[in-house]
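Index from 1, following the sequence. The basis for the numbers below is simple: all heavy atoms, side chains too, and nothing from hydrogens, waters or symmetry mates.
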Amino acid sequence: ISGYLLVDTQNLTKSVIVRSKTETNVITFYYIELQYNVEYKVIGGEGGTVDPGIEVKNSSDIFGGAEARAAAGYRFVGWYLDEAATIPADSNATVNGTMLTPNAEELVPVPATNIYYAKFELLTADLTIKRDNVNDQGNGSQVFVYKITDTTDTKKVYYATITSGGSVTIKNLPCVEYTVEQLNGWSWRYGDAAQSVK
């Protein structure tokens, strides 16, 4: 029977004596219910979470599945059967958006652990800073330094320089909110106002 295992599968051959009293001619087979251990993991351990992380169910139980939730600045890519994200999980599970529910008939019973992997990817974009305030810049070769600070993690700071009235583009910045400010402690004359950029 699907979902059950015959006990004593190592010794299936039995000697049987049939007697004239039919009530004594009884052979009893014992079965145990299979149990499945399912683990849900995030590839690389960052970019989001999965809830729950582990499910242990008997074959007669219904799997609740797991939901993948992307962290700020990330997007959910999909569920996979391998950590390299080459085999989509929908080949042996039901995937509905960010939700994955295992198909019990496709699982390997305990002691094996069935693992599903959620993949997230960092959202990035380019940030261009253009210096428009070009009045009173001497000979036009003045260098201006800008500080770009991640407002969610202020330890993440980037710097960019612009010569006079030019511009600079910083490629592939994570998509979060930043404060962009000119470092102008050396001169009161070249102070662009700080701006918030999302």
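Cluster membership for Val95 and Phe63, using ILVMFWY side-chain heavy atoms within less than 4.5 angstrom, is shared. With hydrophobic clusters built from ILVMFWY side chains whose heavy atoms lie under 4.5 angstrom apart, Val197 does not share a cluster with Leu123. There is no path of hydrophobic side-chain contacts, each under 4.5 Å, that joins Met99 to Tyr74. No continuous path of hydrophobic side-chain contacts links Leu107 to Ile54 [ILVMFWY only; heavy atoms under 4.5 Å]. Tyr117 and Leu81 fall into different hydrophobic clusters, where Ile, Leu, Val, Met, Phe, Trp and Tyr are joined by side-chain heavy atoms under 4.5 Å apart, directly or via other members.
Shown here for Asp126 and Lys171, the closest heavy-atom pair between the two residues is OD1-CA, 3.3 Å. Residues Ala89 and Leu100 share a closest heavy-atom pair of CB-CD1, 3.6 Å. Contact record, Pro102 with Gly65: CD-CA, 4.0 Å, taken as the closest heavy-atom pair. Closest of all the heavy-atom pairs between Thr161 and Val145 is CG2-CG2, 4.0 Å. Counting all heavy atoms, side chain and backbone alike, Ala118 lies closest to Phe76 at CB-CE1, 4.0 Å. Taking every heavy atom of both residues into account, Thr154 and Val157 meet most closely at O-CG2, 3.5 Å.
Leu183 contributes atom CG, which lies 12.5 Å from atom CZ of Phe144 (distance to the nearest 0.5 angstrom). The line from CD1 of Ile17 to OG1 of Thr24 is 10.5 Å long, rounded to the nearest 0.5 Å. Interatomic distance, OG1 of Thr151 versus CD of Glu177, reported as 4.5 Å (0.5 Å rounding). Going from atom CD1 of Ile87 over to atom OH of Tyr80 covers 11.0 Å, rounded to the nearest 0.5 Å. To the nearest 0.5 Å, the span separating OG1 on Thr101 from CD on Glu55 amounts to 8.0 Å. Atoms NZ and CD1, on Lys156 and Ile148 in that order, are 14.5 Å from each other to the nearest 0.5 Å.
The shortest distance between side-chain heavy atoms of Asn25 and Arg19 falls below 4.5 Å. Looking at Pro174 and Asp150, their side chains never come closer than 4.5 Å, going by heavy atoms from C-beta outward. Leu127 has its side chain within reach of Val180: a pair of non-hydrogen atoms, C-beta onward, lies under 4.5 Å apart. Using a 4.5 Å cut-off on side-chain heavy atoms (C-beta onward), Asn114 and Asn92 make no contact. Between Trp79 and Val50 there is a side-chain heavy-atom pair separated by less than 4.5 Å. A 4.5 Å side-chain heavy-atom check between Thr98 and Arg69 finds every atom pair outside the cut-off.
In this structure, Glu106 places its CD atom where more than 12 heavy-atom neighbours from other residues, nucleotides or ligands lie under 6.0 Å away.
In this structure, Tyr116 and Tyr40 have parallel ring planes: the angle between them is below the 30° cut-off, well short of the 60° mark.
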Q: Could you check Glu39 against Asn37 for side-chain contact (heavy atoms from CB on, under 4.5 Å), going step by step and ending with a plain yes or no?
A: CA-CA 7 Å; Glu39 190 172 348; Asn37 185 21; 5.6 Å; no

